[in-house]
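Report on one structure; see the data block that follows.
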Amino acid sequence: MALLTPLFAFLYHLPQVYKWLLKPYYVASLLMSVAFLAVRKTPGICDHLASQREDGNSCDFDWREVEILMFLSAIVMMKNRRAITVEQHVGNIFLFSKVANVILFFRLDVRMGLLYLTLCIVFLMTCKPPLYMGPEYIKYFSDKTMDDELNKDSRATWIVEFFANWSPECQSFASVYADLSLKYNCAGLKFGKVDIGRYGEVSKRYKVSASPLSKQLPSLVLFQGGKEVMRRPQVDKKGRAVSWSFTEENIIREFNLNELYQSSKKLSKSRYEKMSASQFPAVPEEEEPEQAGADAQGEEPESKKDK
């Protein structure tokens, strides 16, 4: 059963994986990840490569290359234990495959290593991972609109993601956050995002580091009445972010989304009823037939006659 679960999960996501891999970014990443394998195994090219194999076969991996590839596999498995989306799994494989290729090419020939490293730098500067373009109920803030929107309605609860487009973790989390907004968005519970890589003032104001070495990206902050109530990941006294996994289950549990959603729905319903009452005044009750007839004839009601 332990082996069948990952297999079924892989088969379930297989069409989605193919869809991503056909994008230019992933096609180029795939080609760069298998570059050393192609060079080492291509006839006519591998014949002229150096090798430390005892049999002198330069078209097969030597013991040191096998060792590097085994170490790469172990690192990828460790990193993917904390991955929460398929994009993160694939991204980790591509990232560490490129690192291993750099080491292998430099070990094979310094010139080939420099050429491959140059290609990696050019790729990093020119190619960006595709952004999430799926459905969502998220409002995007700027440095000028964020405070006004948070303080616009004191009864509204906001969950705001602080992100940067260049961060792989933020890009992987985009689909998870969008899915949460589709499930829990209502008039009293709203979802927002602000790009602190673009708006540096917001980064300073809310103390979310936008450094490439920062562990605070992404950050989720819960606002009620325009004031911060909680955030994840938390930051210790030394200003370091406490490690936290941005899975959908963790977010629902830590932010009490189910309870927030139910209370926000009640707030929205009561607000709607008040608005309806103010726009459509209540119709006065009709008089009883006997009472109305007596009034029409100018007679006093029986209760008054008795008196």
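In this chain, residues are counted from 1 in sequence order. Note that the structure is a prediction, hence the values are computed from the model and not measured.
- The minimum heavy-atom distance between Ile251 and Trp244, with the atom names listed, is CG1-CH2, 3.7 Å.
- A heavy-atom distance below 4.5 Å is not found between the side chains of Met32 and Asn101.
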Full working for salt bridge (charged side-chain N to carboxylate O under 4.0 Å, His left out) between Asp148 and Lys152: CA-CA 6 Å; Asp148 294 337; Lys152 190 174 182 179; over 6 Å; no
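- Clustering of Ile, Leu, Val, Met, Phe, Trp and Tyr side chains at separations under 4.5 Å places Tyr206 together with Phe141, Met146, Leu150, Trp158, Val160, Phe162, Trp166, Val194, Ile196, Tyr199, Val202, Val208, Leu217, Val221, Phe223.
- Cluster membership for Tyr137 and Leu180, using ILVMFWY side-chain heavy atoms within less than 4.5 angstrom, is not shared.
- No more than 12 heavy atoms of other residues, nucleotides or ligands shown are found within 6.0 angstrom of CZ on Arg198.
- Screening residues 102-120 for salt bridge (charged side-chain N to carboxylate O under 4.0 Å, His left out) gives Asp62-Arg107, Glu65-Arg107, Asp109-Arg111 as the qualifying pairs, with residues at least two apart or on separate chains.
- With salt bridges taken as basic N to acidic carboxylate O contacts below 4.0 Å, none links Lys193 and Glu136.
- The neighbour count for Lys41 NZ, taken as heavy atoms of other residues, nucleotides or ligands under 6.0 Å away, is above 12.
- Hydrophobic clustering, with ILVMFWY side chains joined whenever heavy atoms are under 4.5 angstrom apart, groups Ile121 together with Phe94.
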side-chain contact (heavy atoms from CB on, under 4.5 Å) between Val229 and Thr157, intermediate numbers included: CA-CA 10 Å; Val229 177; Thr157 299; over 6 Å; no
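- Here the closest heavy-atom approach between residue Ala164 and residue Asp195 is recorded as CA-OD1, 3.5 Å.
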Pair Tyr184-Ile252, side-chain contact (heavy atoms from CB on, under 4.5 Å): steps then yes or no: CA-CA 10 Å; Tyr184 291 97; Ile252 293 173; 3.5 Å; yes
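- Taking both residues in full, the closest heavy atoms of Val242 and Asp236 are given as CG2-N, 4.5 Å, listed atom of the first, atom of the second, then distance.
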Audit row: Glu228, Lys207, side-chain contact (heavy atoms from CB on, under 4.5 Å) steps and yes/no: CA-CA 12 Å; Glu228 178 181 333; Lys207 299 179 181 179; over 6 Å; no
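- At a threshold of 4.5 Å between non-hydrogen side-chain atoms, the residues Asn250 and Arg232 do not count as touching.
- Here the shortest heavy-atom pairing between Ser29 and Ser33 reads O-OG, 2.7 Å.
- A donor-acceptor distance shorter than 3.5 angstrom exists from the side chain of Ser181 to the backbone of Ala178, with no hydrogens or angles considered.
- Listed by first and then second residue, the ring-ring contact (aromatic ring centres under 6.0 Å, His included) pairs involving residues 96-119 are Phe36-Phe105, Phe105-Tyr116 (not counting sequence neighbours).
- Annotation: side chain of Arg205 is in contact with side chain of Asp147 (closest heavy-atom distance under 4.5 Å).
- In this structure, Gln224 CD and Ile159 CD1 are separated by 9.5 Å, a value rounded to the nearest 0.5 Å.
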